[in-house]
Number of protein chains: 2
Amino acid sequence: MRWGVDVDGRRAGSGRGAQVPPATVARLPRYLRALEAVAAEGGVLTSSDELAARVGVTPAQLRKDLSFLGSYGVRGVGYDVAHLREQVRAALGLADERRVVLVGVGNLGHALANYAGIPERGFALVALVDADPRVVGTTVAGLVVQPADRLADVVAETGATIAVLTTPASVAQDVCDRLVAAGVVGVLTFAPAALRVPPHVDVRAVDVASELQILAFHEARRAAAGEA
Amino acid sequence: MRWGVDVDGRRAGSGRGAQVPPATVARLPRYLRALEAVAAEGGVLTSSDELAARVGVTPAQLRKDLSFLGSYGVRGVGYDVAHLREQVRAALGLADERRVVLVGVGNLGHALANYAGIPERGFALVALVDADPRVVGTTVAGLVVQPADRLADVVAETGATIAVLTTPASVAQDVCDRLVAAGVVGVLTFAPAALRVPPHVDVRAVDVASELQILAFHEARRAAAGEA
DNA sequence: TAGATTGTTAATCGATTAACAATC
DNA sequence: TAGATTGTTAATCGATTAACAATC
């Protein structure tokens, strides 16, 4: 089985907003957040200037990004907040709720299971799985933690398509393989390990230590420049 | 005070590897991780092929990335694992330990404070700060949690230059401003809020809900393509 | 030497920016 | 109409890829 490290997946997909560039996709959630903030403040109409300022991008970039989804503004007027919000939500596939399984209920997994952002933004946490017998059977975030050997069943029973991986790095690839075999097509991993997945599966990796190291790089550069 | 949303900061910085592209910088931690894995397995010599396979990039990209740091391989032979590892560590500014302060000792902050990756990879967690009186004074990860009004003092006393922000989004900008005023130059935030910082400060934002939404986008696209 | 593997160049590709015509 | 703001175009910029000469 020849598995690439993702990418690819460029199905033609005709019609409306067929091919949204990856860089644009990565910014859509931030636009959605800004739109929700404006709506919460009672804003009915907004502009690329206002949204861009909130998000921290240029107005030109925001307009270009939105243009990949369709033409939802009115020239000379701006964007209807509620309407644009729905369009962005739809583009992100949040029209119907996505079911998420979380594997690895340690410190971090525990925190993420309770993380306010998840249930509120289009996702339903439907199952928790852990290998530790002391954790299995306990209730976290209203769910009973399932044993690792039930992983495939749990995915099948709940219909989860997205997984959050908060296991130790040493078992991440194995767990990932089993999740994919069970039907998961999107994986958000916090384990510091490169995951190999088949082309139809999407992986997003968050590595706290890497993020800190990137910050350290810039700090070192500044220090070197300052002393020079 | 006219604050941009970061970027800029392109000091000339003469000499060795003066300007490493941002995309390359973002991959250096993964190269370092791969090198450490090879070293742990007893590897003495490695190649761009082996490292690239471990990281999940092409050998050409890895070689090009490393070439920005200097010329540390030997043609026809490969790379000395220990030597290259030290060079990458040095490039990332991990020669001396970076001091990190964590603000917001909730579920997520608690988990991150104990997170194995942090102390082991060039960072020392030197202080914890929280606004909740029930949390202040407790000991987490070997540190006594300090009250929010001591934030500036804590940064000054510990010499922390990097902050991890795990507060609610509503207070993130305020806390960030105070951290920056106290001398922090790098911020890793988990709060779902765009942070405005002066140009000399670096922000990395991790947003779990955004990551899930990006996965949802790709899933929706695949579903739409599959049904078409 | 022959085989292997780097470092670098040139070509391609994708993303960002700026400007402005279209249009309310 | 005059003023405002989008959607789109063209130019610029940066990142990736492929190929290969340099060199062990």
Side-chain angles (χ1 to χ4, degrees), chain A residues 4-10 16-28 30-31 34-35 38 43-81 83-84 87-88 91 214, chain B residues 4-10 16-28 30-31 34-35 38 43-81 83-84 87-88 91 214:
Chain A
V5 177
D6 167 57
V7 189
D8 179 58
R10 187 133 316 139
R16 177 46 25 88
Q19 5 65 310
V20 184
T24 295
V25 173
R27 281 185 294 264
L28 292 181
R30 293 156 67 195
Y31 297 158
L35 282 163
V38 172
V44 169
L45 205 63
T46 187
S47 65
S48 60
D49 268 28
E50 176 179 11
L51 285 177
R54 283 178 182 265
V55 172
V57 300
T58 65
Q61 179 160 74
L62 181 133
R63 290 201 301 276
K64 183 146 236 304
D65 283 339
L66 292 182
S67 77
F68 288 109
L69 307 185
S71 188
Y72 300 128
V74 180
R75 288 160 130 105
V77 177
Y79 300 94
D80 179 275
V81 174
H83 183 242
L84 183 58
Q87 296 303 327
V88 175
I214 293 166
Chain B
V5 177
D6 168 56
V7 188
D8 179 56
R10 185 132 315 138
R16 180 44 29 81
Q19 6 62 313
V20 184
T24 296
V25 174
R27 282 186 293 266
L28 292 181
R30 293 156 66 195
Y31 297 159
L35 283 162
V38 173
V44 170
L45 205 62
T46 187
S47 66
S48 60
D49 268 28
E50 176 180 12
L51 286 177
R54 283 178 181 265
V55 172
V57 299
T58 64
Q61 179 161 74
L62 181 133
R63 290 201 301 277
K64 181 147 239 300
D65 283 338
L66 292 182
S67 78
F68 288 108
L69 307 185
S71 188
Y72 300 128
V74 181
R75 288 160 131 105
V77 177
Y79 299 94
D80 180 275
V81 174
H83 182 242
L84 182 57
Q87 296 303 328
V88 175
I214 294 167

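Throughout, protein chains are lettered first and strands after them, A, B, ... in sequence-line order, and every chain is numbered starting at 1. We use all heavy atoms of the structure for the numbers below, so side chains are in, but hydrogens, waters and symmetry mates are not.
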**OP:** Check the distance between D:dA15's P and B:Leu62's CG and give it to me in whole angstrom.
**Re:** 16 Å

Original post:
Atom CG of B:Leu69 to atom C1' of C:dG7: distance rounded to whole Å?
Top reply: 13 Å

Original post:
Is the shortest heavy-atom distance from the side chain of A:Val38 to the side chain of A:Arg54 under 4.5 Å?
Top reply: yes

Subject >> Phosphate OP1/OP2 of C:dG7: any B:Ser71 side-chain N/O under 4.0 Å >> reply: yes

Original post:
With sequence neighbours left out, what residues match B:Gln87 under side chain to side chain contact (heavy atoms under 4.5 Å, CB included)?
Top reply: B:Tyr72, B:His83

**OP:** Round to a whole Å and report the spacing from CD of B:Gln19 to P of D:dG14.
**Re:** 11 Å

Original post:
Do the side chains of A:Arg27 and A:Val57 get nearer than 4.5 Å, heavy atoms only?
Top reply: yes

**OP:** Look at A:Ser48 and D:dT5 and indicate whether a side-chain polar atom (N or O) is within less than 4.0 Å of OP1 or OP2.
**Re:** no

Subject >> Contact letters for nucleotides 16-24 of chain D, in which S counts primed atoms plus P, OP1 and OP2 and B counts the base, heavy atoms under 4.0 Å >> reply: SBBB-BBBB

Original post:
From B:Phe68 CZ over to B:Leu28 CG, what is the distance, rounded to the nearest 0.5 angstrom?
Top reply: 10.5 Å

Original post:
Can you give the dot-bracket line for DNA chain D, where a pair is Watson-Crick or G-U wobble with both atom distances under 3.5 Å, crossing pairs use [ ], and | marks a partner on another strand?
Top reply: ..||||||||||||||||||||||

Original post:
Are side-chain heavy atoms of A:Leu51 and A:Tyr31 found at a separation under 4.5 Å?
Top reply: no

Original post:
Between A:Tyr79 and D:dG7, is there a side-chain N or O to OP1/OP2 distance below 4.0 Å?
Top reply: yes

Subject >> Over all atoms of both residues, closest heavy-atom pair of A:Ala34 and A:Val55 >> reply: CB-CG2, 3.6 Å

**OP:** Using only side-chain N and O atoms of A:Tyr72, determine if any of them is under 4.0 Å from OP1 or OP2 of D:dT5.
**Re:** no

Subject >> Nucleotide C:dT5, atom P - distance to CG of B:Leu51 in whole Å >> reply: 13 Å

Original post:
Would you say the side chain of B:Leu66 lies within less than 4.5 Å of the side chain of B:Arg63, judging by non-hydrogen atoms?
Top reply: no

**OP:** Mind listing the closest non-hydrogen atom pair of B:Ile214 and A:Ala26 along with its distance?
**Re:** CD1-CA, 3.7 Å

Original post:
Whole Å only: how far is the CG atom of B:Leu28 from the P atom of D:dA15?
Top reply: 13 Å

Subject >> Sub-4.5 Å side-chain heavy-atom contact between B:Leu84 and B:Asp80 >> reply: no

Original post:
Between C:dT5 atom P and B:Leu66 atom CG, what is the distance in whole Å?
Top reply: 16 Å

